[in-house]
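Here it is, the structure in full.
Source: prediction; values computed, not measured.
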Amino acid sequence: MLAHDRSVIDVAERDGRPEFQSMQALIEAGPAALADLRALADSPGPTLAPGSVRWLAPLPRPAQMRDFLVFEEHMRTAGWNGAKLRAKWGGPSAPPEPQPIPPVWYEQPIYYKCNRFAVAGPGACVKWPNYSSVIDYELEIACVIGASGRDISENDAPKHIFGYTIFNDLTARDAQFKEMQGPLGPAKGKDFDNANILGPVIVTADAVDVGNLAMRAKVNGELWSEGSSSTMHWSFAQMIVHVSRSETLYPGEILGSGTVGGGCGLELGRFLKDGDEVTLEVEGIGAVSARIDAPHVQERLSL
């Protein structure tokens, strides 16, 4: 998309080179291809109106997806409210205040691997799984790996980032809490069709200061969540360092930040229901929406 007039270029139509046939191909082709793309965008040629195209996820099938948990407030509050929710279902009583965060969280970035086949883009309709009645969103930023590497240093890590996008890590909380008593997971609490909303675009790393971005979540136009990327305890560079220890990262892999403090219904004590439209907004990146299709959940659960 051209920032100066919000029009869209059909890059593949203008230039048939293989590196311009998909976002993954562009990322794999490296900085030279990105420079050529910028030159192409600055050249005259036909454009499209944004409303005339169907917006897909910028990477419909990422090479890999990992989601971290790097916001301290979310770690503390979600754990406490999770205990309240389990107590509501007949479990043990929740503690009177948030419990200490496990020391390992401060020692290394913690993550799980997402289902890369469950990605959807802007405007997706998410058919909620019939095994769940507790519907939640998660307000996150994700970085996209641009260059492969192994045992990457923190100083070099930014060179391996292609750009950033918005990530809504939709979660079936009841399924998540049940299965993670295992203890293993999450699995079916996160893995269902269209559970991972990405978009609306990937903003290249040089175009945004990811360390200080305002983040918001709205439900049916009402502001529910507000936070900032400045509250991350672990940076994307530190995440890359950790993941690449004795392991190669590849172009097109996605690393999610985890939920910003206050950035999900679990922390707020209220959840989604059938027909709700959730819109996540991140300064400098844009907004991405999804609609919940859950006819078996007609009322909003609250704590």
Would you say the side-chain atoms of Tyr137 and Ser225 include a donor-acceptor pair closer than 3.5 Å?
-> yes

With sequence neighbours left out, the residues meeting salt bridge (Lys or Arg N to Asp or Glu O under 4.0 Å) with Lys218 are Glu281

Does Asp174 use its side chain to pair, donor to acceptor, with the backbone of Ser132 at less than 3.5 Å? no

Quick one: side chains of residues 141-152, donor-acceptor pairs under 3.5 Å with protein atoms, not counting sequence neighbours, listed by atom name and distance.
unit_1 : atom_1 : unit_2 : atom_2 : d
Asp151 : OD1    : Ser246 : N      : 2.8

For residues 103-130, the salt bridge (charged side-chain N to carboxylate O under 4.0 Å, His left out) pairs (sequence neighbours left out) are none

Quiz item: Does the pair Glu138/Arg173 count as a salt bridge with the N-to-O cut at 4.0 Å?
Solution: yes

Residue pairs meeting side-chain hydrogen bond (donor to acceptor under 3.5 Å, both in side chains), one or both in residues 202-211, sequence neighbours left out, come to Arg38-Thr204, Arg38-Asp206, Thr204-Asp206

Side-chain contact test, heavy atoms from C-beta onward, threshold under 4.5 Å: evaluate it for Val126 versus Leu170 and give yes or no. yes

So side-chain hydrogen bond (donor to acceptor under 3.5 Å, both in side chains) across residues 57-71, not counting sequence neighbours, yields Arg66-Glu247, Arg66-Glu253

Sorted by chain and residue number, the salt bridge (Lys or Arg N to Asp or Glu O under 4.0 Å) partners of Glu277 (sequence neighbours excluded) come out as none

Here the salt bridge (charged side-chain N to carboxylate O under 4.0 Å, His left out) pairs for residues 219-228, sequence neighbours left out, are Arg216-Glu226, Glu222-Arg270

Applied to residues 163-196, the ring-ring contact (aromatic ring centres under 6.0 Å, His included) test, sequence neighbours excluded, yields Trp128-Phe192, Tyr164-Phe236

Apart from Val104 itself, its cluster of hydrophobic side chains linked below 4.5 Å comprises Leu69, Met75, Ile101, Trp105, Tyr106, Ile110

So the ring-ring contact (aromatic ring centres under 6.0 Å, His included) pairs with at least one residue in residues 267-290 (sequence neighbours excluded) are none

Apart from Trp80 itself, members of its ILVMFWY cluster (side-chain separation under 4.5 Å) are none

Contacts satisfying ring-ring contact (aromatic ring centres under 6.0 Å, His included) that involve residues 277-303 (not counting sequence neighbours) are none

